[in-house]
Peer 1: 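After the structure tokens below, expect a handful of questions from me.
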Amino acid sequence: MINFKEIEQKWQKKWEQAEIFHVKEDKNKKKYFCLEMYPYPSSSGLHMGHALNYSIGDIYSRFKRMNSYNVLYPMGFDSFGLPAENAAIKNKSHPKIFTENAINNYIKQMKELGLSYDWSRTLMSHDPNYYKWNQYFFLKFLEKGLAYRKKARVNWCPDCKTVLANEQVHEGKCWRHKETNAQIKQLEQWFFKTTEYAEELLNDIEKLDWPERIKIMQRNWIGKSYGTEVMFKINNENWKVFTTRPDTLFGVTFMVISAQHEKLMTIVTKEQKKQVEDFLKKVKSTKQEDMDKLEKEGVFTGAYAEHPLTKEKIPVYTGNFIIAEYGSGMVMAVPAHDKRDFDFAKKYKLPIKEVVQPLIIKKDGEDAVRNNLPFKQRDAVVCVVKHWSENKYLCLKWKQVSWNGFIVGGIEKGEDTISASKREIIEETGYKHVKFVKKLGNIINSQFYHKLKKENRWAHFQGLYFELEDSKKDEISDEEKKIHDITWVEKENVGSFLNADDDMKIIWERVFHENAYENSGILINSKEFNGLKSEEAKEKIAKFLESKKLGKKSVQYKLRDWLISRQRYWGTPIPIIYCDKCNIVPVPEKDIPVLLPEDIKFGEGNPLETSQKFVNVKCPKCNSDARRETDTMDTFVDSSWYYLRYTDNKNNKKPFDKEKAQYWMPVNQYIGGAEHAVMHLIYARFFTKVLRDLGYIHIDEPFPKLFNQGMLHKDGFVMSKSRGNVILPEAVSKQYGIDTARLFLVSIASPDKDTEWSDKGVEGSLRFINKIFDYFDNVKFGKTSKIFESKLHKTIKEVADSIEAFKYNIAIIKIRELFESREEEINKKDLEIFVKLLAPFCPHITEELWQRLGNKTLISLEKWPISDSKKINERLEEEQKNADRLIDDIKNIIKILMDKGKEIQKIYVYVLPKELEFYNKGYIEKKVEKKVEIYSVADKKKYDPENKSTKAKPGKPAVYVE
RNA sequence: GUGGGAGUGUCAGAGCGGUCAAAUGAGCUAGCCUAAGGAGCUAGUGGCUUAGUGCCUACACAGGUUCGAAUCCUGUCUCCCACACCA
């Protein structure tokens with residue numbers, strides 16, 4: 001029995017004493033900065049899920065270290081924040097005491113996991129030496145105009161008792177309180193101008209080597225859209241309206257202004273005032289959670305806007321579905337071409353004016369007017385085809401032209417789900433110009449299929465989508481149509497044709513009367529712009545508007561400025577003083593840090609307001625009585641630059657030394673969970689760009705490479721304290737050793753996938769480790785066989801590549817496979833290589849084994865072995881495979897004969913003469929557990945009573961058994 | 001609704017055009033070792049078949065491309081995640 005505990009403690013102590021993980025800037029070495037997202041130190045400590053997270057980075061760092069990199073691998077704590085404050089209130093303690101206890105516990109546990117952090121570089125965000133620089137940066141941002149204060153409609157969480165950033169509200173609820181609806185309040189708050197960098201934040205996503213889905217999430221979050229601002233006149237006043245579809249400008253039949261719009265009441269007429277006010281009351285009382293199910297509602301404001309081009313009078317409504325903050329908080333509604341507008345128009349019986357008609361898409365991708373088809377626009381083309389396989393219910397029930405000019409076919413349901421191939425269709429219909437169309441399914445399915453399915457009609461719809469090859473369209477003769485039972489029906493006749501069948505009528509109605517056409521097409525009813533394609537029309541209309549000063553092209557982002565004020569205690573005080581005379585006065589740089597006061601009372605409201613000493617100050621400008629800002633900063637400010645502080649964590653004069661940051665940055669590998677896709681990762685990128693522009697650093701992006709690790713599950717759920725399904729590292733460590741646990745965690749699945757903890761599984765890893773120790777006890781040092789040497793050198797490369805790609809599971813499999821082919825005798829150097837391969841995964845036991853091999857050095861500081869391609873002998877390995885196949889054959893024969901009750905004494909193998917050397921008698925005997933005799937086929941003296949040797953083939957020896 | 005991802009043997013989980021009845025664990029079965037083993041070792045683990053390496057059926061379902069598909073394409077179903085009235 002291996003005493004894991006003893007081994008672990010022994011080596012942890014040695015590592016610490018020798019300070020081997022401490023790094024210094026060294027210009028002569030390639031640097032590598034490996035970083036995990038720093039944790040919030042929870043009082044419940046680490047569980048196995050955390051162990052997995054940090055092991056991923058540790059393995060990587062150890063691997064890089066062995067590859068001669070100067071590896072910066074630090075750890076710190078995101079120690080400000082609400083949970084600590086709330087917990088402290090609950091326990092009548094102080095958040096500081098609370099937090100620091102938790103941190104100490106974390107550090108202890110992390111050390112026990114064998115994580116190779118450079119603890120000399122640690123940081124804690126609640127440390128004044130750290131948050132001082134938050135204040136410093138705030139002042140710099142302020143100077144640059146990147147921090148500002150404004151009154152705004154903000155999200156307020158009644159549980160957190162603070163405002164939230166846009167990013168912290170999910171589905172109308174607080175990100176911390178899934179049950180709590182965010183309320184809307186009007187407050188004076190501090191913001192960082194993230195929007196100033198929206199464009200760069202968006203463009204640079206492209207450069208990042210991040211998981212694609214995170215990149216997509218960021219793109220969506222920034223949400224850039226191109227469009228046009230159009231001026232509408234209301235009461236002779238200009239109102240800007242943003243639209244992405246200026247091509248539909250002539251289809252505007254009403255306008256909708258957000259119910260939350262500041263200037264809404266200025267346009268409401270006397271007659272409508274009461275109605276609007278009632279409506280606003282209703283909107284206000286609507287809970288956020290009902291919002292998603294909410295129907296579009298609105299009331300008429302009484303006002304009319306003047307259409308910039310047609311000068312028509314357009315009624316202005318106010319509606320609950322318009323976002324006040326986006327664009328200008330007012331939209332031009334084009335019901336014919338926007339689903340929301342369409343719904344609204346239907347509900348309030350507003351006119352619908354069509355200005356865009358569908359086009360067909362030709363094979364070469366160019367648009368053509370649909371009129372080129374042998375049937376007319378929006379005609380339903382019904383194609384009835386007889387069944388093509390005997391009595392199989394097959395009947396192409398209908399076909400019709402989809403919006404894009406494709407013919408869509410459906411099959412009536414029968415007993416089975418039916419489908420037909422293109423070939424079958426062609427054969428049966430004789431209609432040669434049928435082509436399958438890619439992606440068309442989306443158009444069809446989203447629009448019709450699901451609706452039909454919901455109504456339980458057409459349950460077995462199976463899509464058949466065809467495109468008429470354009471060039472052939474004209475060639476379809478009436479003759480051909482007739483022959484093949486294809487009936488084309490013109491629009492005006494289709495009604496009567498369809499009358500025979502209710503299902504078809506329903507489809508007809510849906511298609512032609514119940515949808516807005518949202519795709520692009522060709523313009524109609526748009527005066528001089530008629531006949532233009534949408535894309536052209538967008539340009540031309542925008543230009544035209546511009547020339548008349550009625551609008552201009554514009555770009556909109558969904559991204560909002562970052563609201564950083566929090567009305568809570570446990571955070572960085574915002575270094576601002578309000579003076580009645582001088583207004584907003586920044587705290588002078590020499591006076592920071594503005595320390596968090598200790599004499600505060602928790603209770604109602606912001607605790608900071610209860611400290612008179614803190615609140616009452618003299619104005620730094622005029623020295624009269626002034627008041628300190630009592631809001632603190634969002635803790636995401638802390639995490640927006642902590643990675644930079646690691647490069648120089650003890651600096652009192654500056655946030656960090658420029659040279660040092662230059663040496664270490666950017667973070668080569670960032671590791672963390674996907675939950676930070678839009679919060680932390682956007683803020684940190686924003687900060688980096690600002691600091692670059694302020695001259696502190698030289699990089700554009702802090703984290704060029706990001707790895708998202710998966711979550712550890714237990715009993716099917718994510719391991720978490722609140723769920724009560726945690727496995728503690730201490731317990732596992734005691735029973736199996738922490739290296740065993742690390743090995744197991746990382747070998748279940750690829751580390752970016754969620755994995756399930758299993759006790760049985762760890763035992764498997766333990767067996768492996770035991771076998772290794774066992775091998776070390778019995779191994780004979782001598783010469784390594786060629787075949788093992790070949791495998792060894794192949795494995796070195798495979799393991800390195802797998803680690804590099806974060807495929808730790810594969811790396812471990814390769815190590816296991818190598819170990820399985822071990823031999824009793826081995827060269828000591830080669831055994832050392834084997835230990836090294838395992839070292840990043842199992843740091844403690846490999847140190848121990850390394851020492852047992854007589855080494856005085858630490859394996860953690862050893863060099864990763866070099867794979868010698870000259871030693872890789874594919875032929876040998878191929879031969880061994882042949883031998884293994886032979887063994888399989890022999891076993892197979894033995895089994896058959898045993899089943900028949902025969903006794904087996906000896907095996908005779910007949911090999912082609914030049915293959916004789918490939919087959920090792922001892923090896924085969926061992927595997928087959930029988931005596932074996934190997935002969936060359938050419939051997940005259942061979943024992944071969946049944947003349948089996950004639951069956952021998954290259955690579956496949958013949959066998960005789962008796 | 002929009003956008004992403006996934007569906008593989010008893011289970012977990014690799015593979016992502018041929019070397020695949022498919023790595024590696026776990027489980028199960030048999031044999032060995034033992035006083036005994038829930039310890040260890042060895043082997044087997046889709047079906048059929050055979051003194052031999054053969055055949056069949058398989059990687060959600062249905063089609064397609066290809067000389068060849070678990071792997072590529074299309075559609076369907078199921079599950080997971082993110083965003084959500086962004087004009």
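All heavy atoms count here, side chains included; hydrogens, waters and symmetry mates do not. Below, chains carry the letters A, B, ... as their sequence lines are ordered, and counting in each starts from 1. Nothing here was measured: the structure is a model prediction, and the numbers come from that model.
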Peer 1: Evaluate the ring planes of A:H307 and A:F250, with Trp represented by its six-membered ring, and classify them as parallel (under 30°), tilted (30 to 60°) or perpendicular (over 60°).
Peer 2: tilted

Peer 1: Is the terminal nitrogen or CZ of A:R816 (NZ for Lys, CZ for Arg) located under 6.0 angstrom from the six-membered ring centre of A:F768 and within 45° of that ring's axis?
Peer 2: yes

Peer 1: Rounded to the nearest angstrom, tell me the gap between atom CG in A:L838 and atom P in B:rU24.
Peer 2: 18 Å

Peer 1: Would a 4.5 Å heavy-atom cut-off, applied to side chains only, mark A:S225 and A:Q556 as touching?
Peer 2: yes

Peer 1: Within the structure shown, what part of the strands sits under 4.0 Å from A:G764 by heavy-atom distance: base, sugar-phosphate, or nothing?
Peer 2: sugar-phosphate

Peer 1: Write down the distance separating the C1' atoms in B:rA58 and B:rA70, rounded off to the nearest Å.
Peer 2: 10 Å

Peer 1: What's the gap between B:rG54 and B:rA69 when it is taken at their C1' atoms, as a whole Å value?
Peer 2: 23 Å

Peer 1: Could you tell me how far apart A:W757 (CH2) and B:rG13 (C1') are, to the nearest whole angstrom?
Peer 2: 17 Å

Peer 1: Taking any strand in view, what nucleotide pairs with B:rU71 in a Watson-Crick or G-U wobble way, both distances under 3.5 Å?
Peer 2: none

Peer 1: Tell me which nucleotide, if any, is Watson-Crick or G-U wobble paired with B:rU24 when both distances must be under 3.5 Å.
Peer 2: B:rA12

Peer 1: How many whole angstroms separate atom CG of A:D752 from atom P of B:rA6?
Peer 2: 10 Å

Peer 1: If you measure from the P atom in B:rG7 to the same atom in B:rU71, how many Å do you get, rounded?
Peer 2: 11 Å

Peer 1: Rounded off to whole Å, could you give me the CG-to-C1' distance for the A:L818 and B:rU24 pair?
Peer 2: 14 Å

Peer 1: Tell me which of A:I323 and A:R816 sits closer to the 5' end of RNA chain B, going by the nucleotide each one is nearest to.
Peer 2: A:R816

Peer 1: With heavy atoms under 4.0 Å as the rule, sort A:I748 into base, sugar-phosphate or nothing.
Peer 2: sugar-phosphate

Peer 1: Give me the ring orientation class for A:H680 and A:H676: parallel if the planes are under 30° apart, tilted from 30 to 60°, perpendicular past 60°.
Peer 2: perpendicular

Peer 1: Examine B:rU24: is either OP1 or OP2 under 4.0 Å from a nitrogen or oxygen in the side chain of A:S747? Give yes or no.
Peer 2: no

Peer 1: State whether A:F819 and A:R822 meet the cation-pi test: NZ (Lys) or CZ (Arg) under 6.0 Å from the six-membered ring centroid, and within 45° of the perpendicular axis.
Peer 2: yes

Peer 1: Start at the 5' end of RNA chain B and walk down; is the nucleotide closest to A:E763 or to A:I216 reached first?
Peer 2: A:I216

Peer 1: Can you check the distance between B:rU74 and B:rU65, where both ends of the measurement are the P atom (answer in whole Å)?
Peer 2: 14 Å

Peer 1: Take the protein atom CG of A:L743 and the nucleotide atom C1' of B:rU24, then report the distance between them rounded to whole Å.
Peer 2: 12 Å

Peer 1: Roughly, in whole Å, what's the span from CZ in A:R213 to P in B:rU2?
Peer 2: 21 Å

Peer 1: Flag the pair A:I214 / A:L208 as yes when at least one side-chain heavy-atom distance between them is below 4.5 Å, and no otherwise.
Peer 2: no

Peer 1: Quick one: does any side-chain atom of A:S750 pair with a main-chain N or O of A:N809 as donor and acceptor, under 3.5 Å?
Peer 2: no

Peer 1: For B:rU65, give the paired nucleotide (Watson-Crick: N1-N3 plus N6-O4 or O6-N4; G-U: N1-O2 and O6-N3; both under 3.5 Å), or none.
Peer 2: none

Peer 1: Pick the C1' atom in B:rA60 and in B:rG5, then give their distance to the nearest Å.
Peer 2: 16 Å

Peer 1: Suppose you measure atom P in B:rC72 against the same atom in B:rA6; what distance do you get, rounded to whole Å?
Peer 2: 10 Å

Peer 1: Using atom P of each nucleotide, how far apart are B:rC28 and B:rG18 to the nearest Å?
Peer 2: 35 Å

Peer 1: If the cut-off is 4.0 Å, is A:K753 near the phosphate of B:rA6, judged by side-chain N/O to OP1 or OP2?
Peer 2: no

Peer 1: Whole-Å distance between B:rG38 P and A:K760 NZ?
Peer 2: 11 Å

Peer 1: If I take atom CE in residue A:M711 and atom P in nucleotide B:rA12, what distance separates them, rounded to the nearest angstrom?
Peer 2: 20 Å

Peer 1: Could you tell me which nucleotide pairs with B:rC48 by Watson-Crick or G-U wobble geometry, both distances under 3.5 Å, or answer none if nothing does?
Peer 2: B:rG54

Peer 1: Which base sits across from B:rG38 as a Watson-Crick or G-U pair, both distances under 3.5 Å?
Peer 2: none

Peer 1: Just name whichever nucleotide pairs with B:rU2, Watson-Crick or G-U, keeping both distances under 3.5 Å, else none.
Peer 2: B:rA82

Peer 1: Do any side-chain nitrogens or oxygens of A:K771 fall under 4.0 Å of OP1 or OP2 in B:rC41?
Peer 2: yes

Peer 1: So, is A:R767 near the phosphate of B:rA26, with a side-chain N or O under 4.0 Å from OP1 or OP2?
Peer 2: yes

Peer 1: Could you tell me whether A:S758 contacts a base, only the sugar-phosphate backbone, or nothing, with contacts defined as non-hydrogen atoms closer than 4.0 Å?
Peer 2: nothing

Peer 1: When the C1' atoms of B:rC33 and B:rG27 are considered, how many whole Å apart are they?
Peer 2: 22 Å

Peer 1: Could you identify the nucleotide paired to B:rA43, looking across every strand shown and requiring Watson-Crick or G-U wobble geometry with both distances under 3.5 Å?
Peer 2: B:rU29

